[in-house]
Each structure stands twice: as structure tokens, then as C-alpha cells.
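Report on the structure given below.
Naming: A, B, ... by sequence-line order, numbering from 1 per chain. What you see below is based on every heavy atom in this structure, not just the backbone, and it leaves out hydrogens, waters and symmetry mates. None of the values given here were measured: they were computed from a predicted structure.
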2 protein chains.
Amino acid sequence: MLTGRQLLILQVIIDDFIRSAQPVGSRSLSKKDDIPYSSATIRNEMYDLEEMGLLEKTHTSSGRIPSEKGYRFYVDHLLSPQALKKKDMSQIQSIFADRILEIENVVQRSAEILSQMTNYTSIVLGPDHHENKVKSVQIIPLNQDSAIAIIVTDTGHVENKRFTIPPGLNPEDIERMVKILNDKLTGTPLVELHDKMYREVALFLKRHIANYDLMIEAFAQIMNVPVHDKLFFGGKMNMMNQPEFNDIDKLRMLMDVIDKEDYLYPLIKENSGSGIQIRIGKENNNEALKDISLITASFPVIGGQSGSLAILGPTRMEYSRVISLLNVISLDLSKALSSFYDADDK
Amino acid sequence: MLTGRQLLILQVIIDDFIRSAQPVGSRSLSKKDDIPYSSATIRNEMYDLEEMGLLEKTHTSSGRIPSEKGYRFYVDHLLSPQALKKKDMSQIQSIFADRILEIENVVQRSAEILSQMTNYTSIVLGPDHHENKVKSVQIIPLNQDSAIAIIVTDTGHVENKRFTIPPGLNPEDIERMVKILNDKLTGTPLVELHDKMYREVALFLKRHIANYDLMIEAFAQIMNVPVHDKLFFGGKMNMMNQPEFNDIDKLRMLMDVIDKEDYLYPLIKENSGSGIQIRIGKENNNEALKDISLITASFPVIGGQSGSLAILGPTRMEYSRVISLLNVISLDLSKALSSFYDADDK
DNA sequence: TTTAGCACTCAAGATTAGCGAGTGCTAACA
DNA sequence: TGTTAGCACTCGCTAATCTTGAGTGCTAAA
């Protein structure tokens with residue numbers, strides 16, 4: 001168990017290091033007002049803290065830096081939730097000031113502002129589209145051979161795709177088809193769309209439309225919603241400003257991981273619904289992220305869904321500030337996006 | 001005027017430097033098979049070429065590197081159009097293999113493949129939307145207060161925006177409105193939309209719809225097409241791999257310019273219709289781009305419009321290869337996108 | 001238990017030496 | 001007269017050496 005003095009010293013060391021990115025020595029600590037001990041005393045305590053694995057040295061005679069375990073202890077026990085400044089708050093409000101926005105818009109702007117406020121990289125994952133329900137289906141013919149299919153969901157999300165009109169289909173057929181699709185598909189969650197097309201809609205089409213099989217093929221194919229939702233990034237380049245990434249090779253490794261969204265996606269998705277989660281350094285199980293901490297927060301949206309937001313920064317991260325920010329923004333996002341889902345439809 | 005030997009030497013030096021990024025010395029040149037002169041002779045020629053401002057030294061006793069003027073001469077007089085390898089060609093074909101794609105899709109994939117093939121950063125600007133004509137207007141109510149407005153253009157481009165339904169408007173009003181909008185607006189270029197709404201459509205709405213002014217306001221507002229079209233990037237990070245950007249500060253400066261699309265946009269747009277254009281180093285008139293060359297190509301699309309593509313790389317760029325690639329791809333893009341505009345919609 | 005003092009360590013910066021790739025110039029050569 | 005061999009010289013790199021200073025661990029005294 002740690003003594004109060006050890007806690008104090010650990011806290012100050014970590015706070016200091018987060019600010020300066022420089023190893024912290026005993027002498028500079030003893031000069032601080034909140035620390036009334038001599039450097040020798042602090043050295044002894046540091047020694048103990050190092051033995052416990054909470055601190056590290058970069059070389060034998062250097063000051064101490066927090067170890068991963070140290071950061072872990074810090075976030076678990078030492079972190080005092082820090083109130084946000086007025087300036088920060090008002091900046092956040094600005095995201096949600098405009099009443100009329102698309103979901104994507106809100107999400108993208110959240111990511112941008114979050115990264116701008118933290119100088120880290122932010123990642124936002126909007127609520128899953130897959131559960132959204134079809135509100136309306138439209139087919140707009142462009143010319144003889146091609147048409148645009150449009151699906152609008154109850155949340156106002158619009159999917160559109162161009163497709164080839166099977167030969168021998170005339171405008172009346174299309175009109176009839178749109179009617180059938182709307183009758184049958186309205187209210188269907190996007191995930192079930194493909195199935196339902198074949199299971200239920202096919203029969204009807206068969207009855208009313210020539211070449212229904214070609215048509216259904218063409219149409220079903222375009223309903224293939226992408227495997228996972230889009231991640232929205234803010235400040236991808238911000239990590240360039242962190243001293244730990246002055247080395248261009250490290251930066252490149254990191255960027256590779258960030259750009260390969262496949263890896264990040266599950267990490268961020270995973271969190272769904274369990275508040276704030278912090279992954280420090282090797283806890284990420286990825287060589288390129290070994291000096292990175294990832295803080296994720298999820299926000300529920302009406303209807304049992306949820307989105308997530310995440311901040312990716314150096315292990316030496318302003319945990320307290322980031323957590324506060326994520327808390328506030330996830331709450332706001334929750335409210336803002338719920339209003340989209342709150343459609344009193346039917 | 002340059003002698004044949006000087007031309008040869010200049011060419012070889014530039015080719016060599018483009019490959020190696022290292023200053024080229026007289027001895028290593030004299031060893032090459034195509035150069036039957038002694039190092040001393042070459043030194044004399046180099047001296048002359050330097051006097052003419054075509055070559056430079058990095059320090060008094062270093063080998064030579066091409067100056068900007070040297071590159072300019074190279075691209076203007078020395079460049080032999082290099083035939084593309086089969087592998088390259090087939091990779092390009094793959095972009096256009098899928099018949100059914102949205103314009104955005106083709107454009108984005110072109111940018112990606114272009115950057116991947118060159119290891120530079122690519123930028124593609126699709127043909128201007130502003131001239132696209134309205135094909136169909138739809139309004140899909142989501143609930144009491146909000147609805148989605150959708151505009152489909154003749155090229156299959158879909159714009160959609162959420163808006164608030166002015167109070168006191170009932171579903172029949174909306175249906176009538178959609179009918180009027182389609183009657184009046186079909187065939188209108190996007191740029192003229194806003195104007196036409198007020199000039200011609202307003203009158204009709206007034207006659208048929210209560211609260212027409214609120215509605216028109218809401219609707220016109222969402223028609224505001226963004227000031228300029230979106231640039232599609234490929235390989236934003238590729239410049240990290242160029243030795244000239246090993247310095248993280250240079251990289252940061254460059255990234256700032258790339259991310260601030262405002263600056264790049266006119267450079268790329270400007271070219272419209274004048275074939276391939278090359279801007280070397282300071283010709284870009286931008287401190288951050290002083291070690292950068294920008295090669296732009298424009299491709300016409302049926303209907304008098306055009307798009308552009310650009311490659312941004314170090315001044316030490318594989319000009320010949322890049323130009324060949326741009327030529328081929330711009331031709332293909334021209335064909336591919338024209339097919340979208342080729343709608344037989346009278 | 002705390003602190004003062006001291007010997008010791010080590011990274012980082014400055015200085016120096018040596019190497020090698022390259023140049024410019026001169027004189028000899030075809 | 002154009003070309004080449006030879007030589008002195010330059011200068012960026014790299015490795016080696018020195019110096020400095022911030023920091024530690026340990027011991028002994030308060």
C-alpha cells in the first residue's frame with residue numbers, strides 16, 4: 001500500500017511529465033511549494049515507487065518517468081476529474097448550436113473540435129446505421145439504362161446508389177416497383193433488407209413485373225451496406241506535434257495503423273455502453289500503439305443503440321482533461337443524436 | 001545553346017538524382033556505359049552547366065544536383081515520354097473495370113491508385129457539379145417537424161439535406177410542393193437553383209401553399225451548394241517516405257498546406273482544359289511548396305465541363321512516369337465520366 | 001525519520017581528427 | 001584544340017574524446 005506522501009509524489013511526477021515530456025528529478029520536485037521534503041527524501045520515495053513498478057528511469061542517472069503501470073494507477077486512483085474551463089465549454093456548445101444538422105455533420109464536427117481542443121487525434125463512430133429503419137425508397141431513372149436508387153431511413157440518413165436497369169423494363173414497371181418496395185420495406189431495419197427482399201418482396205414483384213429476377217438482383221446488390229460504419233477522424237496529423245513522434249518512423253507506423261481502420265474499429269466499437277475505457281500502451285496489444293493511449297467513451301442513443309468516441313494520444317496524455325471532455329461531449333452527443341432517432345414516425 | 005554532350009550529361013545527372021536523391025559526382029558518371037568521357041571532361045561540362053544555372057552544388061566540393069531551372073529545362077526539352085509497363089496499365093484498367101460506379105467512386109479510386117502507383121500524393125477534382133441539371137426533387141417527411149430534401153442530378157449525383165418543416169404545413173402541401181418543384185426545377189443547373197427558386201417558383205408556391213415564404217426560405221437555404229467542389233486525395237501520407245521530408249517540420253508545413261484545401265484548389269482548378277501543366281518548386285509561389293512540384297492534368301467531360309487531376313511530389317520527381325500516368329488516366333477518366341453525362345435525357 | 005553531503009553515472013553537446021567523395025586547375029597528350 | 005591524368009584542396013560525415021550538468025544511491029549526522 002502506498003503512503004500519502006508516495007501518492008503525492010507519484011501524482012506530481014506524472015502531472016509534471018505529462019506537461020513537460022521530460023524525466024522528473026528529485027531536486028526540481030523538492031523545490032515545488034506543495035512538496036516540503038528534501039531531494040534526498042524524495043529520492044528515497046522514488047526508489048520505492050520504482051521498486052513497485054510505478055516509475056521508471058530512462059537510464060541509470062536520469063530522473064523518473066511514469067511506467068505504464070504508473071499511468072494505470074494514476075488513472076485508476078489518482079485522477080481528479082478536472083472541471084472544464086468556460087472557454088472549452090462554449091466551444092463544445094458551438095457544435096450543437098445549429099439546430100438543423102445531419103447526423104454525419106454533428107459527428108464530424110465533434111471529431112474536429114475534439115481533436116482541436118486536445119491536440120490529439122480523435123475518432124468518432126456514429127450510431128450504427130444497420131438498425132435504422134427504412135422510411136422511404138425512391139428510384140429515379142436517369143436514362144434508358146441507369147437509375148438511382150435512394151433509401152431514406154427514419155433517422156434521415158440517405159443511401160444512394162446507381163444501378164443498371166434490366167432491359168425490357170418500362171417506366172410503369174419502375175413506378176409499380178417503387179410502390180411495392182415502399183409498401184413492403186418501410187420500417188425494415190437496413191440489416192434485414194437484403195434478406196427481406198428475397199423472402200417477401202420477390203413474390204410480389206414476380207406477380208407484377210416482367211424480368212423481376214434481374215431487377216431484384218440489381219436492387220438487392222446495391223443494398224449491401226458496408227461491413228462496418230465509417231469512422232470519423234479529427235486531427236489525424238496532430239500526433240506530429242507530440243515529441244514522442246519526432247521520429248518519422250514511429251510516426252509512419254502510427255499512421256499506418258490509423259489509416260487501416262480495420263484495426264481501430266473493433267477497439268472503438270467494443271466499448272459500446274460501458275462508459276469510459278482507457279487503454280494504455282501495450283494494453284493495446286499492438287506494436288505500433290505501444291506508446292499510445294486510447295481513451296474511448298460510448299454514448300447511448302434512444303432506441304438501444306450507441307456510438308463511441310475516442311481520443312488517441314501519447315501515453316503521456318492529459319488524462320484528466322481528456323476524460324472530462326469525453327464525458328461532456330458524449331453526453332451532448334447522446335442528446336443531440338437521440339433527437340434524430342426520436343422521430344414520432346407512424 | 002547546349003551541346004549534345006551537355007544535354008546528355010544533364011539528362012543523366014537529373015535521371016540519376018531523381019532515382020537516388022544523392023548529389024551526382026563526375027567520377028560515378030564517367031563509369032556509366034552511355035558516357036564515354038573521363039571524369040575531368042565531365043567536370044568541365046558540369047562547370048559550364050552550373051554557370052548556365054542548370055545545376056547546383058550543395059556545398060563547394062559536392063556533386064551536382066539539378067537546379068529548379070534545370071528541372072524546368074528537363075521537362076521542357078529532355079523528357080522522353082516513357083511507355084508505361086503492362087503492370088501499370090492493368091492496374092489502371094482495374095479502376096474502370098467495374099461498369100457501375102458513382103462518379104465519386106471513380107474519382108476517389110483514381111486518386112488512390114494514382115498515389116499508390118507513384119508514391120506521391122495525388123489530388124483529383126471531379127467535374128464541376130454546379131452545371132449539373134436537376135433531374136428530380138424529392139421531399140421525404142421524417143416526422144412532424146423535419147424532412148429530408150433530396151435533389152438528384154442528371155449525372156446521378158445525389159444531394160440531400162435535412163430541414164425543418166415550417167409549422168402549419170400538412171402532408172398534402174408537401175406533396176403539392178414536390179410536384180411544383182419538379183415541374184419548375186427539372187433541367188435547372190444547380191448554380192441557378194437558388195435564384196430560380198425565388199424568381200419563378202416562389203410565385204407558384206404562393207398560389208398553392210400556405211406559409212409558402214417560410215417553406216421557400218427553408219428550402220432555398222439548403223440548396224446552397226458549397227463554394228467549391230471537393231478535392232479527392234490519395235496518399236496524403238506518401239510524402240513521409242520522401243527523403244526530402246525526413247525533417248518533421250518540413251513535413252508539417254507541407255501537410256498544413258495540403259489540408260488547407262483553399263490554397264490547392266485554385267492551383268488545380270486553374271488548369272482546366274490546357275493539357276498537362278508543371279509547376280516546379282518556387283513556381284508554386286508558396287514557401288511550404290518550395291521543394292514541391294505539382295503536375296496537373298485536366299480532362300474534358302462531355303458537355304463542356306472538365307475535371308483535373310494532380311500529382312504533388314518532391315521537385316525530384318519522376319516526371320516522365322508521372323506525366324505518362326496522368327495522360328493515360330485523364331483520358332480514361334474523360335471517357336468514363338463522360339458516360340455519366342451522356343444521359344439521353346433530351 | 002529526515003536531511004546534508006559526496007562520489008558516481010550517463011546523456012547530450014562541443015570539439016577534434018580522419019576519411020572519402022568530390023571539385024578546380026594545370027600540364028601533358030592526341 | 002579538345003581531352004585526360006594528376007594533384008592539391010574543400011567540406012560534409014562519422015567516430016572518438018572531452019566536458020558539463022542533472023540526477024542518482026549511499027552514508028553519516030541531525
Side-chain angles (χ1 to χ4, degrees), chain A residues 1-10 12-17 19-67 70 243-244 246-247, chain B residues 1-10 12-17 19-67 70 243-244 246-247:
Chain A
M1 209 30 224
L2 292 176
T3 66
R5 190 165 68 188
Q6 286 173 328
L7 289 175
L8 174 65
I9 290 178
L10 180 59
V12 174
I13 288 179
I14 297 187
D15 285 340
D16 216 67
F17 184 69
R19 220 177 6 81
S20 69
Q22 295 298 323
V24 184
S26 57
R27 214 175 107 77
S28 70
L29 272 191
S30 76
K31 282 206 204 117
K32 295 200 186 240
D33 289 344
D34 13 349
I35 307 225
Y37 314 105
S38 77
S39 63
T41 310
I42 295 168
R43 278 202 290 283
N44 289 330
E45 298 287 23
M46 280 172 152
Y47 185 92
D48 293 345
L49 288 167
E50 185 174 354
E51 282 226 308
M52 289 181 247
L54 299 172
L55 293 180
E56 286 175 356
K57 286 187 283 194
T58 62
H59 58 90
T60 35
S61 72
S62 77
R64 302 304 208 286
I65 63 172
S67 68
E244 24 274 276
N246 266 349
D247 178 8
Chain B
M1 209 30 225
L2 292 176
T3 68
R5 189 166 69 189
Q6 285 173 330
L7 288 176
L8 174 65
I9 290 178
L10 180 58
V12 175
I13 288 179
I14 297 186
D15 285 339
D16 216 68
F17 183 70
R19 220 178 7 80
S20 69
Q22 295 297 324
V24 185
S26 57
R27 216 175 104 77
S28 69
L29 271 192
S30 76
K31 283 207 204 114
K32 295 201 186 242
D33 288 344
D34 13 349
I35 308 227
Y37 313 106
S38 78
S39 62
T41 310
I42 295 169
R43 276 202 290 284
N44 289 330
E45 297 288 23
M46 281 174 153
Y47 185 91
D48 292 345
L49 288 168
E50 185 174 354
E51 282 225 310
M52 289 181 249
L54 298 171
L55 293 180
E56 287 175 356
K57 286 187 284 193
T58 63
H59 58 91
T60 37
S61 73
S62 76
R64 303 303 208 288
I65 62 172
S67 68
E244 24 273 277
N246 267 348
D247 178 7

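Applying the side-chain hydrogen bond (donor to acceptor under 3.5 Å, both in side chains) rule to pairs touching residues 46-58 of chain B yields B:Glu50-B:Arg64, B:Thr58-B:Ser62, sequence neighbours excluded. Listed by first and then second residue, the salt bridge (charged side-chain N to carboxylate O under 4.0 Å, His left out) pairs that reach into residues 24-34 of chain B are B:Asp16-B:Lys32, sequence neighbours excluded.
The side-chain heavy atoms of A:Met52 and A:Leu2, taken from C-beta on, include a pair separated by under 4.5 Å. You'll find the side chain of B:Leu29 reaches within 4.5 Å of the side chain of B:Met46, heavy atoms only.
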Within the 4.0 Å limit for protein heavy atoms, which parts of nucleotides 7-30 of chain D are touched? Write it as a string from 5' to 3', B for base, S for sugar-phosphate only, - for none. ---BBS----------BBB-----
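What you find for B:Ser39 and B:Ser30 is that their closest heavy atoms are N-CB, 3.7 Å. Nearest heavy atom pair, residue B:Ile65 against residue B:Phe17, reads CG2-CE1, 3.5 Å. When all heavy atoms of B:Gly25 and B:Ser28 are compared, the closest pair comes out as O-OG, 3.1 Å. Minimum interatomic distance between B:Gly70 and B:Ile14 (heavy atoms only, all atoms of both residues): O-CD1, 3.7 Å.
Every side-chain contact (heavy atoms from CB on, under 4.5 Å) that A:Asn246 has, sequence neighbours left out, goes to B:Ile248.
With hydrogens and angles disregarded, a donor-acceptor distance shorter than 3.5 Å links the side chain of A:Ser67 to the backbone of A:Gly53.
Where DNA chain D pairs in unbroken runs of 3 or more (Watson-Crick or G-U, both distances under 3.5 Å), the stems are C:1-30 with D:1-30.
Taking every side-chain heavy atom of A:Ser38 into account, C:dT3 is the closest of C:dT2, C:dT3, D:dT4.
Between the CD atom of A:Glu45 and the P atom of C:dT2 there is a distance of 7 Å, rounded to whole Å. Residue A:Ile9 contributes atom CD1, which lies 12 Å from atom C1' of C:dT2 at whole-angstrom precision. In this structure, B:Leu55 atom CG and C:dG22 atom C1' are separated by 14 Å, rounded to whole Å.
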Please list each protein N or O that sits under 3.5 Å from an N or O in nucleotides 27-30 of chain C, with the distance.
none

